[in-house]
Protein chains: 2
Amino acid sequence: MKTIKDIAEEAEVSTGTVDRVIHDRPGVSKKTKEKIRKLLDKYDFERNILASTLALKKKYSIATLIPTYKSKTDFWYEPHKGLKFAFQEIKNYGVKAYRFYFDLLDHESYKNALNQILELNPDGVVFAPFFYNTSLDFVEKLNSRNIAYVCINIDIEATGHLSFIGQDSFQSGYLCGKLLDISTERKQHLAIILSKKDIDNHHAIAARVDGFMNYFEQRKIKRIIKKVYVEKFGLSEVGAILSNGLMKDDCIKGFFVPSSASYILAKFLDSMDMTDIHIVGFDAHQYNLDYLRKGSIDFLIDQNPFEQGYVGVKILFEYLLLKKLPKLKYSSPMIIVTKENIDHFKVASAVEFLV
Amino acid sequence: MKTIKDIAEEAEVSTGTVDRVIHDRPGVSKKTKEKIRKLLDKYDFERNILASTLALKKKYSIATLIPTYKSKTDFWYEPHKGLKFAFQEIKNYGVKAYRFYFDLLDHESYKNALNQILELNPDGVVFAPFFYNTSLDFVEKLNSRNIAYVCINIDIEATGHLSFIGQDSFQSGYLCGKLLDISTERKQHLAIILSKKDIDNHHAIAARVDGFMNYFEQRKIKRIIKKVYVEKFGLSEVGAILSNGLMKDDCIKGFFVPSSASYILAKFLDSMDMTDIHIVGFDAHQYNLDYLRKGSIDFLIDQNPFEQGYVGVKILFEYLLLKKLPKLKYSSPMIIVTKENIDHFKVASAVEFLV
DNA sequence: CTGAAAGCGCTTACAG
DNA sequence: CTGAAAGCGCTTACAG
């Protein structure tokens with residue numbers, strides 16, 4: 001591996017001049033430039049990033065914004081870990097992390113965080129764009145200031161974003177269709193439980209439901225599928241609806257829960273000793289996993305939320321530091337979790353290295 | 001973030017002395033040592049790894065050995081990519097990679113590679129220990145020379161290994177039991193197809209079969225499960241056996257293929273227009289994926305082989321450079337792949353960053 | 001247009 | 001036991 005010094009010696013110039021050529025900085029005569037280029041090519045020169053970042057004292061600031069988590073079992077604890085882990089990895093590269101959090105139920109806290117980020121004026125932003133219109137305003141401001149940003153979990157589809165990391169909701173619903181279909185007999189009825197105000201991301205939930213229905217339509221499978229609405233996805237609400245005649249239509253043997261709250265349904269059914277009901281839901285957080293392990297939930301679709309945080313930061317970092325343009329979209333995986341692989345669905349490369 | 005210089009100034013010593021304390025090198029009086037330790041603690045000092053590796057001109061050599069791949073669709077292409085990717089990431093840290101390959105069908109080529117590695121005398125080795133006894137000999141030599149090594153894909157369970165990265169075969173077979181069970185009706189018969197000489201890792205295959213059978217035993221599910229043996233897992237061999245009366249017992253509607261060759265069975269059944277047969281197998285390489293997409297294979301269990309290569313090198317690197325002791329075992333995930341998530345089962349963090 | 005020099009933060013061989 | 005100095009490979013402000 002040749003160094004800048006080697007090249008400089010062979011070209012009979014100073015290292016400063018070689019550096020200028022490498023970075024296409026002006027102030028080098030055409031002749032020397034070409035001489036140096038040739039040598040660079042000849043030796044397949046790659047600069048030592050370590051030495052480069054060390055000398056280049058440039059500091060980058062990256063701001064992140066995701067919902068708060070109350071405990072380690074929350075969904076958003078995982079992206080949080082991913083962010084932290086990525087920052088840990090790159091901290092020696094002069095990247096300063098500013099992590100912000102907001103309350104999912106509090107629009108104001110979201111606005112506040114966005115304002116703080118704008119005040120900070122970072123080089124890049126990684127965030128989960130809840131509250132569509134507010135996010136759109138924010139993004140416009142970022143654009144006008146030329147601040148790069150990456151969306152995770154939720155796609156805002158605005159112009160100017162560097163990349164989005166999240167799941168294809170329609171397809172994941174489609175997958176749930178298959179799993180619930182093979183978990184039940186064709187003559188049994190199915191139901192989808194929907195919450196009227198799904199704060200977290202109703203676009204995604206609608207798309208999951210569409211995908212689910214599409215599975216049966218496309219494959220021309222005739223099944224009775226009921227949509228059940230609850231005001232709020234709580235134990236009492238779910239219990240009230242289900243006790244109230246619905247389960248008397250006792251052919252309902254399978255439930256699809258397009259939000260991450262399937263454990264609540266499982267809890268209710270368990271309390272009623274209804275053990276022959278099948279449930280397919282989303283997100284492998286601890287509450288859901290407990291019921292999966294018990295057998296009350298059949299399948300969960302996980303999207304590796306850790307990775308959404310991790311990849312978000314890594315993409316931004318490589319863009320800022322190495323000018324590497326990422327893909328516009330990184331599809332989060334649709335990881336099928338069931339009782340039999342419950343301890344083996346996580347990928348070591350991301351999780352295990354965490355210090 | 002404080003630097004060594006900052007600490008040195010505050011302690012009124014030279015940076016060299018601080019460095020000695022940080023690395024517990026001898027030649028510092030108890031008194032100054034304590035003074036410096038306190039400051040280090042106070043400021044939560046973490047040394048800049050970039051600067052450290054740059055100054056520390058130490059070079060590490062890591063040798064790797066895995067089977068060759070003939071095309072990008074081969075199973076072993078993925079670990080190969082993982083190795084390459086990991087080396088790419090750490091190349092600036094003074095790590096020199098020596099990648100060796102051997103022919104799965106040629107014991108001699110394996111021995112040759114091992115000898116070359118011993119001659120090279122690297123600081124660490126990452127390898128897939130095929131050919132048990134030969135590997136055991138090799139490992140003993142590594143131990144006597146104090147060379148660290150990591151096993152991937154296959155566990156050799158010898159003393160002295162730093163870590164193993166691979167799947168829990170029994171449990172993955174158990175998972176296949178569940179998947180084939182729910183894909184078929186209880187009254188239908190099942191079969192397991194085994195090759196008499198499974199070069200690649202018969203231990204693992206036996207464990208998968210045990211796990212598969214155990215699923216039904218443990219849950220007291222009574223099903224007829226036949227074991228079918230072929231001399232070699234080729235299209236004609238499989239065809240001969242299945243045509244030969246076996247399928248006349250036409251209740252066999254589900255096959256478990258504990259090797260990675262399920263596409264061969266799928267190909268045969270397709271050619272026979274037997275479309276109502278269900279197959280569960282291993283490894284999401286291209287041949288298998290093609291039949292999964294067609295619907296001829298129901299489920300594949302993937303183990304993220306990319307990651308086995310990647311994590312193997314990363315573990316060794318962190319051990320050599322940062323003295324970080326890894327876990328003895330990293331469980332590869334059991335990724336359930338089916339037609340509906342076939343384009344969404346890979347994890348972005350590992351695959352997408354590949355240059 | 002070009003070079004010499006200083007510096008990024010850490011490490012080490014040498015001198016005392 | 002301790003410090004001053006040189007160096008890892010790259011970058012940049014300054015001088016010419």
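Keep in mind the model is a prediction, meaning the values are calculated, not measured. Numbers restart at 1 for each chain; the letters A, B, ... are given by sequence-line order, proteins then strands.
Ring centers of Phe102(A) and Phe130(A): under 6.0 Å apart, within the cut-off.
Distance, Asn48(B) CG to dC10(C) P: 6 Å, rounded to whole Å. Rounded to an integer number of Å, the gap from CD1 of Ile7(A) to P of dG9(D) is 13 Å. Note: NZ (Lys2(B)) to P (dC10(C)) measures 13 Å, nearest angstrom.
A tilted orientation is assigned to the rings of Tyr149(B) and His161(B), their planes being inclined by 30° to 60°. Ring pair Phe85(A)/Phe306(A) is tilted by interplanar angle, where 30° to 60° counts as tilted.
The one candidate from Leu118(A), Val125(A), Val126(A) that meets the side-chain contact (heavy atoms from CB on, under 4.5 Å) condition with Pro122(A) is Val125(A).
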request  = Quick one: the dot-bracket string of DNA chain D, using Watson-Crick and G-U wobble pairs with both distances under 3.5 Å, [ ] for crossing pairs and | for bases paired to another strand.
outcome  = |||.||||||||.|||
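Atoms NZ and OG, on Lys5(B) and Ser14(B) in that order, are 13.0 Å from each other to the nearest 0.5 Å.
Counting any heavy atom pair closer than 4.0 Å across all strands shown, Val13(A) reaches sugar-phosphate atoms only and no base atom.
Here the nucleotide nearest the side chain of Ala55(B), chosen from dG7(D), dC10(D), dC8(C), is dG7(D).
Less than 4.0 Å separates DNA chain D from at least one heavy atom of each of the following residues of residues 20-41 of chain A: Arg20(A), His23(A), Arg25(A).
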